[in-house]
Each structure stands twice: as structure tokens, then as C-alpha cells.
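Worksheet: the structure to be examined is printed underneath.
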Amino acid sequence: MNILIKNGHLADPSQGIDGICDILIADGKIRELKSHETKGKGQKVSRNISGRKTEDAEMITFNAEGLLILAGLVDMHVHLREPGFEYKETIQTGTEAAIAGGITSVCCMPNTSPVNDNASITDFILKKADEAGFCDVFPVGAITKGQKGEELAEFGMMYEAGCIAFSDDGRPVMDSLIMRRALEYSKIFSVPVISHAEDLSLAAGGVMNEGLLSLKLGLRGIPAQAEEIMIARDIALAELTGGRLHIAHVSTRGSVELIRLAKIRGIADITAETCPHYFSITEDAVDGYNANAKVNPPLRRKEDVEAVKEGLSDGTLDVIATDHAPHHKDEKLGEFDLAPSGISGFETAIGLSMKLVDDGVLTLNQLIEKMALNPSKITGIQKGTLKPGADADVVILDAHNEYTVDPAKFRSKGTNTPFEGWKLSTRPVATIAKGRIYTWE
Ligand code: DOR
């Protein structure tokens, strides 16, 4: 099937393109781009591709006038829950939800059951993803066996099987010597080690940000320092080893400052991500014991939200990832203390993130870098670009169509979102991945 997308506004920082273009997709690859040049005063000279048939295949034409066309989004931090927690999400439902969110590649964390700490689980995930057929799935292998933090997992075997990074996400690697070894291995395979930065002894079983609100609610708090201490340690270990460190889900002002300083000092290969919830809402969302706002690290204060935005704007934070963490409704309905942490993020990510562009925090090109190009570069996957010859992973966005977030309409099994009822103005009208086009009204 060939697809011709006409008259859309194509923005692709990988090629320095930002203007009206036609795109021809053939055999699952970007075949050709043609810009509509502007000559003189607003006079358009259109050099469309239409009329050129490729291999007599069926041609779908999509008129994208007034719409944005970007490389399919690359989400380097997601939880697909399979194997083991299929009641929360499956690879099928998770990847379908990703597509609905304009995300065409996902890197899935290993905290499944069994943990993805060996090549047979990696194989299983890739096979399931292939069967589902929605988007590309790139597994992240565990740093330690069973994510127990005691013994390094088989990096080499998992790398050979297709893992593109290593992480014990959901848990920190508390043992500094093991983290040192993991960073040393990261150099051999040239893959990032993704740090879930949380000092468990200081977090002390807390369930929300530590502060006046946790006091008022009578909930145990997690201080910002539980995150910052581990980021400081991991930066020190990256300096010691020269390894590739990527810091996951940054949530505090102090964390942003530590990473900024490490980058200024030019320490090895340090990159970092944050998630839409850390720049969109504060701990106030937890008030009323709203377990859909329970997430780890926890939502923080207004000044942290501002610092996260500054970090995105000045390049301290390279990536926006969802940390899509679906949980069953019943688990989130129980007592706040006992509810699992996590937010179902695929289907609100682009709407929340485009607010950064609307508010002047990021340019559109910076946003695309953080949601497609940089995660591809960090994980070494060949994605995040619309260059001719690249996989035809494309998202077509309507950036001016206000809608209300309704988790009942999510494709994900996880309806756990604190953004229910929010008005957002950007959402995909079409996603193209693996040679198929999905469209929504
Ligand atoms: O809130 C979170 N949920 N943070 C994590 O690090 C893990 C994730 C999960 O797996 O549910």
C-alpha cells in the first residue's frame, strides 16, 4: 500500500524541514518529500507528487491541509505489563494505545513477571509485539537478575536478543558497585543504563511528595532528596566509569540542577528525561486521596514543575517520555497507601506536551527532538526522522481541535489518569506505522 499525504505542515528537525510538504510513502518507507515553495508575496508554487504511481500498488491519498506532520513519536520509557500482569495491560492493548497517542516506537521496561532479565523473555516480548503488529517495541533488559539489585543480569545475551538499554526501573540499583559495573558494561555494548533514581532508605515507604500536604493528608512523604542523592551518585559513577547514563523521570528542581551541572562539566554521556505529569501538575492533584495521581517519583511542588520546564527549555532534559504505567481500576480504587504507583500516559502525552509549545516553553522543533529524535539517538534505534528511506512512522496531528480527556475512551486497559476532564487541543488524526494507516475523526 502506498500513501500520499498532501498539503500538511511537515516539521522534521532531523532534516531542518519546517513547512508545507507532500510525502509519498511506499512499501512502509518514506519514498519522497516535496515542499510547496513560496514565491514572492504568498504565492504558492506547488510541486506535488500526485500522479506518480509506484509499482501500481493501491494509493491512499490523505489531505493534511491545516494539520501537522511529524515523525512518529518515540517513547523510551513505558510499561507494557506482559508477561505476568495482563490484567493491567497486554502488549496488544498497550501498543494499540501507543498508536492512538501518535507513538510508533516504545521501549518497554523489564518489571514484568517474570522480569525481562534473560534472552527468552526478550524473545517473548518481541514475538508478542510482532503478533500485535501495531508499533515497534524495543525491550529494555533488567540490570540485575529479578531486579533484586544483587547480581548483574546477562547483558550480552539480552543485547543479542534485542534489548536496547538496561534498567531496573520501578526500583533503584541501591548497590553502588553493581551500578558501577552496569555502567562499565554499558560502554562495551554502547547502550544506556537507565537509572530509576530513588534512595529507598530515605524514601522509607513514602507514598507522595514530602511537605505540608503530606502532613495534612497524614500520608508518608518522599523527600526530593531521595531522588537527588541517587542522581548525584549516578553522575559520580558515570564520571568514574565513562559509562552511558540516562536518568529516568526527573521530577525535582534539585535533580534538574544536578544534571545541568554534570552536563556543563562535560561528564561522559549523561542524558535525562521527564514525563508530562511532572511539567503539568503538582502534588495538589493528590489532595482528596486521588490514587490516579499517585506515581513514583511523586508529583512535586510548583517550583519543581517550573524547574522541569526550564530544564526542558535549556536542553538539560533531553527527552519527554510517558512512563506509561497502566494499573487495574480496582487497584487504584483501594486505599491510597496501598494503591500501586503509575499513570496511564500514552493517550494524553502529545496533548499535554504540545501545551509547552503553546505556552512558549519549547519550539515545535524542540518538542519533536524530545519526543522522537533524541530518544532514538539515545537508544540507538533508527527512528525519529522522515528522511527518504526511513521507516514510514508518521503522526498527523490536529493542533487546533479542543477535546476533553475521557479515560473511558482510552485504548489502554489502564484508565488511571489524573487528567480526566482536562481540555487539550492537540491529538492525532492519523498514525502510520508498520505499513498501516490508522485514522480517527
Ligand atoms: O509510578 C511508577 N510506576 N513509577 C515506576 O517507576 C514504575 C511504574 C510501574 O511500573 O507501575
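Any value given below was found using the heavy atoms of this structure, including those in side chains, with hydrogens, waters and symmetry copies removed. Just so you know, ligand 1 is whichever comes first in the structure, and atom 1 is the first atom listed for that ligand.
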| said: If the contact criterion is a heavy-atom separation under 4.0 Å, does K294 count as touching ligand 1? | reply: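 It does not; every heavy atom stays at 4.0 Å or beyond.
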| query | Can a non-hydrogen atom of E198 be found less than 4.0 Å from any atom of ligand 1? | reply |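 Checking ligand 1 against E198, which is what was asked, there is no heavy-atom contact under 4.0 Å.
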List every atom of ligand 1 that sits less than 4.0 Å from any heavy atom of [X], numbering the atoms from 1 in the order shown and giving each element.
X	answer
D169	6 (O)
H327	11 (O)
V295	1 (O)
H196	6 (O)
H249	6 (O)
A325	3 (N), 8 (C), 9 (C), 11 (O)

Which heavy atom of the protein is the closest neighbour of [atom], given with residue, atom name and distance?
atom	value
atom 8 (C) of ligand 1	H79 NE2, 3.7 Å
atom 9 (C) of ligand 1	R81 NH2, 3.4 Å
atom 3 (N) of ligand 1	S341 O, 3.0 Å

| message | Run the salt bridge (charged side-chain N to carboxylate O under 4.0 Å, His left out) test on E227 and R300 for me, step by step, so that the C-alpha distance in whole Å, both residues' side-chain angles and the decisive distance to 0.1 Å come before the verdict. | response | CA-CA 12 Å; E227 178 174 315; R300 307 284 187 180; 3.4 Å; yes
State plainly whether the residues [X] and [Y] are in salt-bridge range, i.e. N to O under 4.0 Å.
X	Y	answer
D393	K383	yes
R81	E86	no
D318	K377	no

| request: Pick out which of V173, I178, D117 makes a side chain to side chain contact (heavy atoms under 4.5 Å, CB included) with L152. | output: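 The option that passes is I178.
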| message | Can you check which of I343, D168, N296, N416 brings a heavy atom nearest to atom 2 (C) of ligand 1? | response |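 Checking each option, the heavy atom nearest atom 2 (C) of ligand 1 is found in N296.
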| query | Any idea how F419 and W422 line up, ring-wise: parallel (<30°), tilted (30 to 60°), or perpendicular (>60°)? | reply |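 F419 vs W422 ring planes: perpendicular.
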| task | Describe, in one word, how the ring planes of Y278 and H249 are oriented to each other, choosing from parallel (under 30°), tilted (30 to 60°) and perpendicular (over 60°). | result |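 Judged by the thresholds at 30° and 60°, the geometry between Y278 and H249 is perpendicular.
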| field | Straight-line distance of I23 CD1 to I69 CD1, nearest 0.5 Å | value |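 Interatomic distance, I23 CD1 to I69 CD1, rounded to 0.5 Å: 4.5 Å.
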